Amino acid sequence: MRSLEDILEEYEFLEGDERYRLLIELGRELEEMPQPLKTDATLVRGCSAQVWVYPTEQDGRLHFLADSNAAITKGIVALVISAVQDRPASEVAAMDVTAALEPFELRNQLSSNRTQGIPNMIALVQEHATRILGA
Amino acid sequence: MTMTATISRKADFPGLLTPDGQPWHYLDSAATAQKPQAVIDAATRALGVDYATVHRGVYARSAEMTLAYEAARRRVAKFIGGQEDEIVFTRGATEAINLVSYSWGEANIAAGDRILLSTLEHHSNIVPWQLLAERKGAHIDVCPLTDDGRIDLEAAREMLTSAHKLVALAHVSNVLGSVLDVQRAAELAHAVGAKILVDGCQAVPRLPVDVVALDCDFYAFSAHKLYGPTGVGALWARADILAAMPPWQGGGAMIDKVTFARTTYAPAPQRFEAGTPAIVEAVAFGAACDYVAEIGLEAIHAHEAALVAKTREALRSMNDVTIFGPEDSAGIVSFAIDGIHPHDLGTILDEENVAIRAGHHCAQPLMDHLGVPATARASFGIYSDEEDVAALVRGIERTKRIFG
Ligand SMILES: Cc1ncc(COP(=O)(O)O)c(C=O)c1O
């Protein structure tokens, strides 16, 4: 999986439609989340686009499976995942994920909890990391 | 017949510009309408130079405000063909429906009774009845839709029995725009001895409404979809029904006399307006009725019908678009594009200064029926015009190119 810095470098080069195409492509490249894992339990609250997250852990590193039924949203999900994937829980818990996504200028997509699953997804990922640390 | 949109009222609405002064193509009036300057001015005066409480003060300002508040009640009553003592000011349609479910419902629904709703209802016209049914051991039946998305009144006729005490239906669907034949629905309800509540949220801004001619028992709506402020709405109920309803919320202003031994209540509608009401909002609600009535609902309906026709025609010419709802939808067009989630469409349209709604529109049972998790919805108002439709079409084409 590409690093967030690497993606940003390409993203900053692009304009309008091309940025969306890149997000959609990142979403397509996201590790597949098996259908049976997409349940009410893994569904992130959000009104119009659905987002699912399933956290796993390997050798003290967090690994997330995630998906969305909206393609641009899924691209943003991929950005979040690339920020946190396969890192230790301590690192994820301390990370400011929203700030890391700021250069992508997705403010509208990241601002509303009610319609957007993304802010809830970020919160969920970090709560999970905190819980692992506490356990 | 070719129809053209004829009302040109954009200039009355300061909200229709982006922060940098570009036109904002606001196509979400079914969620909430933008406010004309006349309403903003009425609210500003009521909140400023005219401000005082109602029903209490001995001083002139309060007496004036009481007159203004009661004039607003008369104005709202007249707007839908009712009498002033038949209008209860509520927080909105949601509270109006909850008021009926708690007050009338407590007194009139018993175990084994049935309530008929339809597949296309807004959650506001579903959940209060589910709560009532749970409290009382009553049952809810769901009237299906016709293929083109209308409430199937033939099916309703077959479903209704003497166990039905209430029929609660939307006058205009907030997703499909389909218009209910309220008169016919009322006739069917009354034939089995049931009352009928009509959720008029989407109808009052787009159709002439006369509750007497419609022969309904309850009519609920919100001011904010009618170009008025948020935080206020109305329940209209036939005078004899309202007079017999027990209080719901207790507090100041709704009482006749309070002692710890026994409290007696004010007559309707005051009995249902506990506490200091939304004074400013009610006055501005009255101003919104004036504004809309001055333009005329026949004209508004024709205006929106022309925009709906134009939008449907443009969408139909794109072969990968599904349009939901009947041809003669009132002011609302819901659609889906193959392979593009409405949320993604809404995101890209937003960049084009086009605001649509993407989601389940608080009508999840209807989404299940349509077999989609969400739809994209464009809805129109007095200020909408053909440039808004053109901007929508351009935005859809751009989205399709991005996804292509
Ligand atoms: C058909 C319908 N019923 C009820 C409501 C609820 O209205 P409010 O949220 O203003 O109480 C709405 C609006 O969202 C609606 O469109």
Side-chain angles (χ1 to χ4, degrees), chain A residues 10-11 13-30 33 35 38-40 42-52 66-80 101 104-121, chain B residues 18-20 24 27-28 30-32 122-124 174-175 320 334-364 366-368 370-379 394-404:
Chain A
E10 181 178 350
Y11 190 84
F13 241 142
L14 304 172
E15 300 201 18
D17 292 7
E18 292 304 323
R19 288 187 164 189
Y20 284 123
R21 286 206 190 93
L22 174 60
L23 285 176
I24 294 168
E25 185 189 308
L26 290 170
R28 287 204 187 108
E29 288 168 359
L30 196 61
M33 181 174 190
Q35 206 58 37
K38 291 181 216 164
T39 64
D40 281 348
T42 57
L43 185 65
V44 178
R45 283 170 54 93
C47 167
S48 78
Q50 287 172 305
V51 173
W52 295 268
D67 200 357
S68 172
N69 59 354
I72 295 171
T73 305
K74 188 168 176 178
I76 304 171
V77 165
L79 294 181
V80 176
L101 296 186
F104 290 88
E105 294 168 359
L106 297 164
R107 199 168 49 82
N108 291 346
Q109 277 73 256
L110 297 174
S111 58
S112 159
N113 270 321
R114 277 295 288 278
T115 54
Q116 294 283 353
I118 302 288
N120 290 330
M121 174 194 173
Chain B
T18 65
D20 53 0
W24 190 39
L27 296 175
D28 200 16
T32 196
H122 188 280
H123 295 166
S124 294
N174 66 312
V175 178
D320 43 5
S334 262
F335 59 98
I337 308 176
D338 290 349
I340 304 177
H341 193 283
H343 191 95
D344 288 334
L345 175 64
T347 301
I348 294 167
L349 287 177
D350 184 37
E351 251 189 35
E352 302 275 313
N353 293 335
V354 178
I356 60 155
R357 181 82 180 269
H360 56 58
H361 317 290
C362 299
Q364 286 176 341
L366 176 56
M367 294 298 113
D368 292 344
L370 298 174
V372 293
T375 74
R377 179 185 72 183
S379 55
R394 272 198 309 277
I396 293 173
E397 281 163 356
R398 176 180 169 208
T399 308
K400 286 166 52 143
R401 273 198 310 278
I402 291 172
F403 276 76

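Scope of the values below: all heavy atoms of this structure, side chains included, with no hydrogens, waters or symmetry mates. Just so we're on the same page: letters track the sequence lines, and every chain starts at 1. Computed from a predicted structure; not experimentally measured.
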Quiz item: Considering residues, nucleotides and ligands other than A:Asp40, do more than 12 of their heavy atoms fall under 6.0 Å from its CG?
Solution: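 Open.
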
Self-check item: Minimal non-hydrogen separation, A:Ile72 against B:Asp344, with atom names
Solution: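 What the structure gives for the nearest pair is N-OD1, 2.9 Å.
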
Quiz item: What's the spacing between B:Arg401 CZ and A:Asp17 CG if we round to 0.5 Å?
Solution: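 Between atom CZ of B:Arg401 and atom CG of A:Asp17 there are 6.5 Å.
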
Self-check item: Reported CG-to-NE2 distance for the pair A:Asn69 and B:His343, which is rounded to 0.5 angstrom
Solution: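 One finds 9.5 Å between CG of A:Asn69 and NE2 of B:His343.
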
Practice problem: Just do the side chain to side chain contact (heavy atoms under 4.5 Å, CB included) check on A:Tyr20 and B:Thr347 with the steps written out, would you? | Solution: CA-CA 10 Å; A:Tyr20 284 123; B:Thr347 301; 4.1 Å; yes

Practice problem: Let me know if B:Ile348 has heavy atoms under 4.5 Å from chain A in its side chain, its backbone, both or neither. | Solution: both

Practice problem: Might you work through the side chain to side chain contact (heavy atoms under 4.5 Å, CB included) test for A:Thr73 and B:His341, ending with a clear yes or no? | Solution: CA-CA 10 Å; A:Thr73 305; B:His341 193 283; over 6 Å; no

